[in-house]
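Working notes, structure below.
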Amino acid sequence: MDLNALLHAFTPSWTSVAMLMAFFTYLAIAGSILPGRIVPGATLSDGTRLHYRCNGLLLLLLLISLLGVGGWMDLVSPTAIADRGFELLSTTLIFSLFVTLLLYIAGCRSREQSSSLKPHISGNLIHDWWFGIQLNPQFIGIDLKFFFVRAGMMGWLLINLSVLPKCIQQVNLSVSMILYQIFCVLYILDYFFYEEYMTSTWDIIAERLGFMLVFGDLVWIPFTFSIQGWWLLNNNVELTTAAIIANCLAFLIGYLVFRGANKQKHIFKKNPKALIWGSPPKVIGGKLLASGYWGIARHSNYLGDLLVALSFSLPCGISSPVPYFYPIYLFILLIWRERRDEARCAQKYKEIWAEYRKLVPWRILPYVY
């Protein structure tokens, strides 16, 4: 592809704008009216709690059903996203820049004093734009942070589901593509089945909403996490039976660790006396869980996440590093985040954290790191 063709592919069109706006409009309207469990978020510093309508799974299944019916009636093309991948990428990037500019302006002008909306202005324009000024800004009653991460995860699945029929059209459907699609579908459906667990994650309870999170949710997650699908669309990989089994084991073990660790943490935050693996939890200083996965490593959920990410790339074989962009990136991100978490926890919990570190010396992978 020459430079002119590449620039043309990345040039936004009114069609890509309409597709993106239709997607966001659906999420905003359907997300507000479809039934779902109302989950209280973490208690903020001023004692208030936000509440989240966790209907993401129903929202996603309804969207896929509507698109499926639309494709069957020839109202929409099942390959529409795959056909316009580059221009949707640039359109979403421009949208992210525009939204974060509005968030910056609104944050600077805010006089709110609640924990969720109180502006945190450092005076450094780049810093405030990148990390955000407000913790939980809203638009027409919609929590934007929760909305954007939901959009990113759904967008990832929609890209994959558009690449799949494109692959079938090209008569290039392989076991590798099927494995990748199955793993991603299971992971994303699981995410929305346990969507309420997202309300207790660091991004939701502590990170302010700036370009870092908006870009990460709307651009990075859907368009980089789907690189394996795009790669398999144009490359044929033959897997041995042993490779298929190993790949399935990597996904299964990673999923069990990732979901199990996050579930234990979420349950502990809701009920500190709930049993962990059938026994009363060991708690350090009345605050830190040191049982189950959290008694094995201080960030055991990161290990599960890394194994799952690796399982998404293993179907692509080892002939190119390109499909391994996601697990390599995630490895770097989680090591950085783990160091950041450690520093914050040491500052917040002080001697309690020091005691926890002595009891659980391993950061992510026992006996290695």
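Just so it is clear, the structure is predicted and the values come from calculations on it, not from any experiment.
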Any side-chain heavy-atom pair from [X] and [Y] closer than 4.5 angstrom?
{"X": "Y369", "Y": "I335", "answer": "yes"}
{"X": "F268", "Y": "V283", "answer": "yes"}
{"X": "L58", "Y": "P35", "answer": "yes"}
{"X": "T199", "Y": "F146", "answer": "yes"}

Over all atoms of both residues, closest heavy-atom pair of [X] and [Y]:
{"X": "G317", "Y": "V237", "answer": "N-CG1, 4.0 Å"}
{"X": "F192", "Y": "L60", "answer": "CD1-CD2, 3.8 Å"}
{"X": "T100", "Y": "F211", "answer": "CG2-CA, 3.3 Å"}

I'd like to know whether the aromatic ring centres of [X] and [Y] sit less than 6.0 Å apart in this structure.
{"X": "Y293", "Y": "W277", "result": "yes"}
{"X": "F24", "Y": "F95", "result": "yes"}
{"X": "Y197", "Y": "Y194", "result": "yes"}

I'd like to know if the side chain of [X] reaches the main chain of [Y], judged simply by a donor and an acceptor atom lying under 3.5 Å from each other, with no hydrogens or angles considered.
{"X": "S311", "Y": "V308", "value": "yes"}
{"X": "N301", "Y": "N262", "value": "no"}
{"X": "S96", "Y": "F215", "value": "no"}
{"X": "K350", "Y": "Q347", "value": "yes"}

So does [X] pair up with [Y], basic N to acidic O under 4.0 Å?
{"X": "K145", "Y": "D203", "answer": "no"}
{"X": "R357", "Y": "E351", "answer": "no"}
{"X": "K118", "Y": "E112", "answer": "no"}
{"X": "K358", "Y": "E355", "answer": "no"}

- Mind checking whether L158 and L62 sit in one hydrophobic cluster, side chains of I, L, V, M, F, W, Y counted as touching below 4.5 Å?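 Shared cluster, yes.
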- Message: Between S122 and N124, do the side chains contain a donor N or O and an acceptor N or O under 3.5 Å apart?
- Response: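 Judged by distance alone, the side chains do not pair up.
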- Query: Would you say the side chains of Q134 and H120 form a donor-acceptor pair under 3.5 Å?
  - Reply: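 Distance-only check fails for Q134 and H120.
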- Out of L359, D341, L288, V360, which residue meets the side chain to side chain contact (heavy atoms under 4.5 Å, CB included) rule with R298?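 When L359, D341, L288, V360 are each tested with R298, the side chain to side chain contact (heavy atoms under 4.5 Å, CB included) holds only for V360.
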- Would you mind telling me which of R37, R150, E195 makes a side chain to side chain donor-acceptor pair (under 3.5 Å) with N55?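 Result: among R37, R150, E195, R150 is the only option passing the side chain to side chain donor-acceptor pair (under 3.5 Å) with N55.
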- Message: Going by side chain to side chain donor-acceptor pair (under 3.5 Å), K166 matches just one of D83, T79, N172. Which one?
- Response: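 Of D83, T79, N172, side chain to side chain donor-acceptor pair (under 3.5 Å) with K166 is met by D83 alone.
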- Would you mind telling me which of F225, Y324, F183, W156 makes a ring pair (Phe, Tyr, Trp, His ring centres under 6.0 Å) with F312?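 Running ring pair (Phe, Tyr, Trp, His ring centres under 6.0 Å) over F225, Y324, F183, W156 with F312 returns exactly one hit, W156.
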- Rounded to the nearest 0.5 Å, how far apart are CD1 of I328 and CG of L330?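 Between atom CD1 of I328 and atom CG of L330 there are 11.0 Å.
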